[in-house]
2 protein chains.
Amino acid sequence: MTGTALPLLGEDFAACCSPLTAGVLDEDAAERLARVFRALGDRHRVRLLSLIAAADGGEACICDLTAPVGLSQPTVSHHMKLLTEAGLVTRDQRGKWAYYRVVPEAMEALSGTLRTTR
Amino acid sequence: MTGTALPLLGEDFAACCSPLTAGVLDEDAAERLARVFRALGDRHRVRLLSLIAAADGGEACICDLTAPVGLSQPTVSHHMKLLTEAGLVTRDQRGKWAYYRVVPEAMEALSGTLRTTR
DNA sequence: TCGATGCATCGACAATAATCGATGCATCGA
DNA sequence: TCGATGCATCGATTATTGTCGATGCATCGA
């Protein structure tokens with residue numbers, strides 16, 4: 001296991017993220033949040049995320065992803081790095097393959113920041 | 001009322017947005033989603049959103065926003081345009097002032113696309 | 001041990017995006 | 001009617017990001 005997620009959403013998913021609209025965010029909080037949203041701000045990365053989530057076993061390697069998104073291997077690798085750094089996916093190297101997996105807690109936490117009703 | 005929101009999330013907020021991870025998104029859906037996330041992918045825009053939500057009456061004009069974010073008026077105007085086009089805020093011109101307001105339905109819909117449990 | 005495979009990194013280039021000053025259009029108050 | 005104010009748009013510049021070919025490092029199977 002060589003997962004290298006950098007949880008930009010905070011160490012503790014459950015406690016880090018109050019709704020965006022609950023009060024004025026300071027610069028740091030805004031930047032951290034924006035960085036995660038930026039990771040989702042590309043159609044290919046959004047697509048990659050849905051491909052991984054829908055993949056058999058909930059995980060996929062780069063080789064499974066290049067064809068569906070129609071990008072080169074280095075480019076897909078680059079996008080996956082951004083998603084990993086955002087904490088939205090984890091990377092697990094097993095032999096030759098690097099398996100990526102969606103982090104539900106991160107998705108939930110991010111979802112929570114957009115919730116307006118309590 | 002001169003609101004000009006372009007609801008990129010779809011005409012019907014409630015019905016448009018199944019979770020990102022519920023199945024493989026087609027190109028169009030991925031692009032539409034990514035465009036909205038991209039609108040949130042800037043710390044100033046995230047901040048602007050929280051400022052508006054926290055403002056008195058839930059609305060704010062450009063002139064209320066320039067100082068807090070420390071950007072020029074044209075730049076703030078530009079950011080607000082992006083947020084408006086993403087459907088995350090509405091614009092309402094009243095006299096000299098343009099009042100911006102968060103669209104809770106859009107936030108909720110977007111929040112829903114990130115939800116992994118149902 | 002060696003060729004093949006999967007992947008990340010690097011370097012370069014092209015495309016997007018952020019920012020601001022200048023400007024023009026309304027609207028308001030005097 | 002006129003100056004002042006609020007805002008959007010334009011044009012230019014800089015910064016950021018997406019993309020790919022080339023390359024190098026592991027790992028696997030023969």
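Note on naming: letters A, B, ... go to the chains in the order of the sequence lines (proteins, then strands), and numbering restarts at 1 for each one.
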Met80(B)/Leu48(B) under side chain to side chain contact (heavy atoms under 4.5 Å, CB included): CA gap, chis, key distance, verdict: CA-CA 8 Å; Met80(B) 291 313 301; Leu48(B) 286 168; 4.0 Å; yes
Most 5' of Asp64(B) and Trp97(A) on DNA chain D, judged by nearest nucleotide: Asp64(B)
Base partner of dT27(C), which must satisfy Watson-Crick or wobble distances under 3.5 Å: dA4(D)
For atom CD of Gln73(A) and atom P of dC25(D), their distance in whole Å: 16 Å
Rounded interatomic separation in angstrom, taking NE2 from His78(A) and C1' from dG11(C): 14 Å
dT19(D) OP1/OP2 closer than 4.0 Å to side-chain N/O of Ser72(A): no
Phosphate-side-chain proximity, Thr75(A) and dC20(D), N/O vs OP1/OP2 below 4.0 Å: yes
Residue pair Thr116(A) / Thr21(A), side-chain donor-acceptor N/O under 3.5 Å: no
Pair partner, dA17(C) [Watson-Crick or wobble, under 3.5 Å]: dT14(D)
Sugar-phosphate only, base, or nothing, as touched by Arg94(B) at under 4.0 Å among non-hydrogen atoms: nothing
Sugar-phosphate only, base, or nothing, as touched by Leu82(A) at under 4.0 Å among non-hydrogen atoms: sugar-phosphate
Derivation and outcome, side chain to side chain contact (heavy atoms under 4.5 Å, CB included), residues His44(B) and Leu71(B): CA-CA 9 Å; His44(B) 296 309; Leu71(B) 293 172; 3.5 Å; yes
Nearest-nucleotide 5' precedence on DNA chain D, Gly95(A) against Pro74(A): Pro74(A)
Rounded distance in Å - CE (Met80(B)) to P (dT19(C)): 14 Å
d(CD, Gln93(B); C1', dT9(D)) in whole Å: 14 Å
N or O in side chain of Arg38(A) less than 4.0 angstrom from dT17(D) OP1/OP2: yes
Arg43(A) side chain near dG18(D) phosphate (N/O to OP1/OP2, under 4.0 Å): no
Nearest-angstrom distance from the residue atom CG of Asp92(A) to C1' of dC7(C): 14 Å
Touch class at under 4.0 angstrom, heavy-atom based, for Arg45(B) against every strand present: sugar-phosphate
Separation of dG21(D) P from Leu71(A) CG (nearest whole Å): 11 Å
Protein-nucleotide distance (Asp42(B), atom CG; dA17(C), atom P), rounded to Å: 12 Å
Counter-base of dT19(D), judged by Watson-Crick or G-U geometry with both distances under 3.5 Å: dA12(C)
Phosphate contact (dT19(C) OP1 or OP2) by His79(B) side-chain N/O below 4.0 Å: yes
Full working for salt bridge (charged side-chain N to carboxylate O under 4.0 Å, His left out) between Arg43(A) and Glu27(B): CA-CA 7 Å; Arg43(A) 66 191 159 137; Glu27(B) 297 263 349; 3.8 Å; yes
Worked check of side chain to side chain contact (heavy atoms under 4.5 Å, CB included) between Leu49(A) and Leu40(A): CA-CA 9 Å; Leu49(A) 219 50; Leu40(A) 290 171; 3.5 Å; yes
Within 6.0 angstrom of Asp56(A) CG, more than 12 heavy atoms from elsewhere: no
Given dG6(C), dT19(D), dT19(C), the nucleotide with the shortest approach to the side chain of Cys63(A): dG6(C)
Lys81(A), nearest nucleotide to its side chain (from dT9(C), dA17(C), dC7(D)): dT9(C)
Spacing of Arg47(A) atom CZ relative to dT19(D) atom P, expressed in whole Å: 13 Å
Presence of Tyr100(A) side-chain N/O under 4.0 Å of dA8(C) phosphate oxygens OP1/OP2: yes
Sugar-phosphate, base or nothing in reach of His44(B), heavy atoms under 4.0 Å: sugar-phosphate
Of the listed nucleotides dG21(D), dT19(D), dT27(C), the one nearest the side chain of Lys96(B): dT27(C)
Touch class at under 4.0 angstrom, heavy-atom based, for Tyr99(B) against every strand present: nothing
Chi angles and distances behind the side chain to side chain contact (heavy atoms under 4.5 Å, CB included) call for Leu83(A), Tyr100(A): CA-CA 10 Å; Leu83(A) 287 173; Tyr100(A) 290 89; over 6 Å; no
